[in-house]
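FYI, side chains are in, hydrogens and waters are out, and symmetry mates aren't considered; it's all heavy atoms of this structure. Numbering of ligands and ligand atoms starts at 1, following listing order.
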Amino acid sequence: MTEVIRSAAALRDRVAAWKRSGMLVGVVPTMGALHDGHLSLARAARGQSDRVIVTIFVNPMQFNNPEDLKKYPRTEAHDLALLEAEKVDVLFAPGPDEVYPEGFATKVSVAGVSAPMEGAFRPGHFDGVATVVTKLFGMTQAGRAFFGEKDWQQVQVVTRLVRDLNIPIRIIPCPTIREEDGLAMSSRNVRLTAAERKVAPALHATMQAAAEAIRGGAEPGVELAEARAAILAAGFSSVEYLDLRDAATLETVQTLGRPARMLVAAVLGEVRLIDNIAV
Ligand code: AMP
């Protein structure tokens, strides 16, 4: 049985009992509307920890767009059934007042890796992520945290954060889970119309082709410009960024040397999609 816990105090008691018997606790932070991407993290956590906590909290602080927050899908009863099937021990689903009680005044802000891409196009987003993740790590006292590579920049921000603040938790990045046609799974995909859903896989396919060309020696700048045009031609209304960056520092790279990552954010209909792949 997956136990649903909504207060930080009750969670602390539960975790303290586990830790007294020497158990390793794994946490998977999510915003709910769970899909196979999230469940792959729960499975990784199950395999690498004695007890698994999945958190569901639609964190208002990380939404720079109020409309996006309002429309974010919320499906807790269904989510709970999925977590039961994965043998998750605890679903921690606090309300906004439990996370941000009256008088809350602290913000965690990571410089550097937070600045470009998502940081530039969604001002305040990573402050919201860093703040809530710090709180969730404090509330769960977990020894391992599982994050999806789907949000590559987020993984780098969280990794930096735990190093900088000496938070005793290991960050475990897990591969992006995709639909059969290559579209990265996302809770926002349900907001695509049927016609847009057909266009959406062009994002990954175009990046794959560009990455292959760059690996084969093509000029990154030229390939990225062509890929950007191809994404627009496929039916996306805008490409916010399509960059080739150092996989860890997220600095722009002009030529391949160290591990690099191609990252994109593009808008299709009313939905903003992000993705990234190794180059
Ligand atoms: P979210 O609920 O969108 O905040 O995502 C919660 C966690 O699930 C984050 O660590 C995401 O990176 C991860 N995640 C979301 N989509 C996928 C996916 N398609 N494959 C792997 N992990 C994912």
Side-chain angles (χ1 to χ4, degrees), residues 26-49 52-65 68-69 71-76 78-80 82-83 86 88 91-94 99 113-114 117-118 122 125-137 140 142 144-162 169-192 197 200-201 203-204 207 247 261 263-265 271-278:
V27 65
V28 180
T30 83
M31 298 202 299
L34 301 182
H35 50 65
D36 276 348
H38 299 112
L39 298 181
S40 74
L41 303 183
R43 270 170 227 146
R46 184 74 278 165
Q48 297 179 51
S49 341
V52 176
I53 303 170
V54 171
T55 71
I56 295 184
F57 179 60
V58 183
N59 175 30
M61 196 176 168
Q62 75 187 68
F63 282 81
N64 54 314
N65 175 350
D68 190 27
L69 173 62
K71 290 202 179 134
Y72 202 83
R74 288 164 172 87
T75 58
E76 194 188 292
H78 184 241
D79 292 346
L80 178 59
L82 295 173
L83 297 176
E86 298 299 335
V88 165
L91 164 58
F92 179 54
V99 179
V113 285
S114 285
M117 301 185 290
E118 293 300 290
R122 301 183 67 189
H125 168 67
F126 281 127
D127 288 353
V129 169
T131 303
V132 82
V133 160
T134 303
K135 286 185 63 90
L136 290 171
F137 291 169
T140 61
R144 288 188 180 167
F146 298 79
F147 285 88
E149 291 181 348
K150 157 86 184 346
D151 298 277
W152 186 268
Q153 190 175 8
Q154 174 171 276
V155 172
Q156 310 317 315
V157 170
V158 173
T159 301
R160 187 74 255 162
L161 162 73
V162 302
I169 194 165
R170 198 195 305 172
I171 304 302
I172 318 271
C174 303
T176 302
I177 305 299
R178 300 180 179 279
E179 304 287 356
E180 273 183 13
D181 58 15
L183 175 65
M185 289 190 183
S186 163
S187 305
R188 292 186 174 87
N189 291 351
V190 297
R191 293 180 46 214
L192 296 169
R197 178 62 189 79
L203 194 60
H204 179 244
M207 285 171 71
R261 207 85 193 169
L263 306 99
V264 72
V271 186
R272 181 177 182 278
L273 298 177
I274 63 169
D275 202 347
N276 68 86
I277 57 171

Just jot down the ligand 1 atoms closer than 4.0 angstrom to any heavy atom of Thr30, in number order. 2 (O), 6 (C)
Any N or O on Ala184 sitting closer than 3.5 Å to an N or O of ligand 1? no
Within the structure, is a non-hydrogen atom of His35 found at a distance of less than 4.0 Å from ligand 1? yes
Give the residue, atom name and distance (to 0.1 Å) of the protein heavy atom nearest atom 23 (C) of ligand 1. Lys150 CB, 4.0 Å
Quick note on ligand 1: atoms under 4.0 Å from a heavy atom of Leu41 include exactly 7 (C), 8 (O), 10 (O), 13 (C)
Quick check on contacts: which atoms of ligand 1 are under 4.0 angstrom from a heavy atom of Thr176? 20 (N), 21 (C)
Might you point out which heavy atoms bring Met207 and Asn276 nearest each other, and give the distance in Å? CE-CA, 3.7 Å
Check whether any heavy atom of Pro29 sits under 4.0 Å from an atom of ligand 1. yes
Salt bridge (Lys or Arg N to Asp or Glu O under 4.0 Å) involving Arg170 - partner list, sequence neighbours excluded: none
Tell me: protein heavy atom nearest atom 5 (O) of ligand 1, and distance? His38 NE2, 3.5 Å
of all protein heavy atoms, closest to atom 12 (O) of ligand 1 is Asp151 OD2, 2.6 Å
Restricting to salt bridge (Lys or Arg N to Asp or Glu O under 4.0 Å), what partner residues turn up for Asp36, sequence neighbours left out? none
Just which atoms of ligand 1 are under 4.0 Å from any heavy atom in Met185? 16 (N), 17 (C), 18 (C), 19 (N)
